[in-house]
There are 2 protein chains.
Amino acid sequence: MENKKKSTIKDIAAVLGLTPSAVSKALNDHPRISEKTKIAVKEAAIQLDYQPNYLSSALRKGKSNLVGVIIPRVNSHFFSSVVENIEKVLNLNGYNIIMTQSNELYAKECQEIDTLLKIQVDGIIASMANETTNLEYYQKIKSKTELVLFDRGEEELNVDYVGIDDYKSSHLVVDHLVSQNCNRIAHIAGFQHIRIYKERIRGYKDALEKWNLESKENWIIESNLRLEDGRRIMQQLLGSSERPDAVYVAGDIAALGALQVLLENNIKVPEEIALIGFSDEPFTSLTQPSISTVNQHSDQIGKLTAEAFLERMKNPKKKTINRIILEPELIIRQSSDKKK
Amino acid sequence: MENKKKSTIKDIAAVLGLTPSAVSKALNDHPRISEKTKIAVKEAAIQLDYQPNYLSSALRKGKSNLVGVIIPRVNSHFFSSVVENIEKVLNLNGYNIIMTQSNELYAKECQEIDTLLKIQVDGIIASMANETTNLEYYQKIKSKTELVLFDRGEEELNVDYVGIDDYKSSHLVVDHLVSQNCNRIAHIAGFQHIRIYKERIRGYKDALEKWNLESKENWIIESNLRLEDGRRIMQQLLGSSERPDAVYVAGDIAALGALQVLLENNIKVPEEIALIGFSDEPFTSLTQPSISTVNQHSDQIGKLTAEAFLERMKNPKKKTINRIILEPELIIRQSSDKKK
DNA sequence: TATATTTGTTCAATCGATTGAACAAAAATA
DNA sequence: TATTTTTGTTCAATCGATTGAACAAATATA
């Protein structure tokens, strides 16, 4: 009763009295095959519910048409939006993607890389886990297949990259806070060993200097930027001798944690302390007050990353590296907008 | 300079002066191969950084060792936790998973199914999209490969299934609310065409009846259970002539939306209106007040689903269907706990 | 010593699709 | 009519690993 057999070109060939190779060529629109046979073959293929055996053609062609995508976590609007857009572009070009998440863990990331290499993907698009400092596994990818990075990338890997201008983002944030008459601006930061967070810190410091504002070392606190990190650090800032009048958080989730603590302590946001997050996660517009944040253009990043990947596939040994840096956009919401 | 060639058993054979078949057998611990050769071969394999070509062995064996997992969305703790646990169990058994999301859309789901079938997965584990009512594509999966469902499943598909007792969950919720002296209990529900939501509604009605409570039809409102749905429906309930004193929401995100509206209207939770969600998403313990909810044992569901799948793979033509139903657990938090 | 058994390896076919070369038939050109 | 060109198809090798059968050598048994 169960009829799980799949039909092959052989079956089609048998039905039409042709050879498998003629069928294959007909399906692939080979110029030497007559229109008549092509039509007959394609009809028979539909009749028999023929699905090409991906494994065999991939083996023969030396190309799986699968692309591995590694992201730190998927329950983030930024990453899932990027992946969605990568998928959209790659699907149009005949690729299918396999999405995996590292959960920000180095060990998991290594395991995922091994899996992807094992199933012979044609290339890997990745954004590195927070934990990752050892680049060995990324070197391994490079030695076996193509690699394109987005958002979280390391320059020394010397691969194609798409991201935003993190340094400039901090300037946008600080400039805006200054315009709101803030002058004691703290920064709940990500870890410096990750390039994007280092850049945000550098931008933050330079922007403060630009405005002749004090830059206190204990106003820059690095963390994993989880919700609980935001809460903990905000509490710490509130307890310090000199309270900031604005906090710039390098991630929205941590910013939410910080906001929770502020509200629990009956601190008026933005009047007493203004708050700005990073990434434009959807919930930032839903909180009370809504949270100002930086839009990273996840859709654009996804699209451009996929295009960079396709470019690389077309030209695997091109020496020049493609680095695409997008302009950040500050989204001003209630948490930093002191209307006069 | 770039050295992206991968070594094959041929290379190993050449190095050791053996034939490829001897190498293959040595690597697979064939009994007829001598210990000495096995050791030599395995050593050479490491030396040459040999990775078996997954495509060729999959083709030969007629088995890809890939399992497709389709979930409605990944930015939900429930689903990502289930997938994580499925992956854990399947990895131990030599399978790799390909995770895809339908985004609750029927069209996307169909597309993902086609992709998975195309790349010849050995089976598919899925939880159906909210939108899905046409089971044609799931029938297609059944006709081509193995299928196991969890959480969102349809009985008429007649496949292995793992989920919780949704009917009983509603009883737990209502019983608890009654114990808190609530007697006007509304239900923000999911759509009836999805079995789990239908069961929750049925349990809710029966539990009300059990306690001789009025069951008003306009206190059961179906939706997609997104945040905005929760907000909209809560507003609607507040505006109605007879306000409920408790609201049972069939999803945590919608419950969060409902809570936001309650707080915005300065309604005391749980004193004036008690609130209970569903799924035990992590944020439910972080809100102020924290939200009571139903724990679906996502880790267990993942583990058991994977095991059901493995069982099915071992015995593809077994006629009896495995239906595993777990006990729900009510987690009482501030939003429904009126301490005496 | 002759024969049977065990052991270690090679041979050759296979999975399904692809592809350049070969070939025959039809059409075009000289 | 003879020769070249075009067209439509088949042949055979290939991708890399697997596997049953075959074979030779070593060992055991009669």
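Within every chain, numbering begins at 1; the chains are lettered A, B, ... in the order of the sequence lines, protein sequences first and strands thereafter.
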Nearest-angstrom distance from the residue atom NZ of A/K63 to C1' of D/dT14: 19 Å
Do the non-hydrogen side-chain atoms of A/P72 and A/M128 ever get within less than 4.5 Å of each other? no
According to a strict under-4.0 Å criterion, is B/T19 in side-chain N/O contact with OP1 or OP2 of C/dT10? yes
Distance below 4.0 Å between B/S34 side-chain N/O and C/dT9 OP1 or OP2: yes
Between atom CZ in B/R32 and atom P in C/dT5, what is the gap in whole Å? 14 Å
Nearest to the side chain of A/S57 - D/dG8, C/dT10, C/dA17? C/dA17
For A/Q139, does the CD atom have more than 12 heavy-atom neighbours from other residues, nucleotides or ligands under 6.0 Å away? yes
To the nearest Å, how far apart are A/H30 NE2 and D/dT6 C1'? 13 Å
Using a strict 4.0 Å threshold on nitrogen-to-oxygen distance, state whether B/E104 and B/R152 make a salt bridge. yes
Position toward the 5' end of DNA chain D (nearest nucleotide), A/P31 or A/L59: A/P31
A/K38 NZ to D/dT7 C1': how many Å, rounded? 12 Å
Which of D/dG16, C/dG16, D/dT7 is nearest the side chain of A/T8? It is C/dG16
Mind checking if B/Y50 touches a base, just sugar-phosphate, or nothing, with heavy atoms under 4.0 Å? sugar-phosphate
N/O (side chain, B/N28) to phosphate O (OP1/OP2, D/dT18) under 4.0 Å: yes
Listed nucleotide nearest any side-chain atom of B/S21, set D/dC11, C/dA17, D/dT19: D/dT19
Among C/dT18, D/dT18, D/dT9, which nucleotide sits nearest the side chain of B/S24? D/dT18
For a salt bridge (charged side-chain N to carboxylate O under 4.0 Å, His left out) check, start with the C-alpha distance between A/K303 and A/E307, then their side-chain angles and the critical distance, and finish with the verdict. CA-CA 6 Å; A/K303 184 168 167 284; A/E307 286 167 359; 3.4 Å; yes
Nucleotide D/dC15, atom C1' - distance to OH of B/Y54 in whole Å: 15 Å
Side chain A/K25 and base C/dG20 donor-acceptor under 3.5 Å: yes
Closest approach to the side chain of A/I9, judged atom by atom: which nucleotide of C/dA17, D/dT10, D/dA17 is it? C/dA17
Atom pair distance, as rounded to whole Å: NZ in B/K61 and P in D/dG20: 12 Å
Candidates C/dT18, C/dA12, D/dG16 - which lies nearest the side chain of A/R60: C/dT18
Rounded to the nearest angstrom, tell me the gap between atom CG in A/N65 and atom C1' in C/dA17. 14 Å
Whole Å only: how far is the CG atom of B/L55 from the P atom of C/dT14? 22 Å
Just wondering, more than 12 heavy atoms not from B/K10 lying within 6.0 Å of its NZ? no
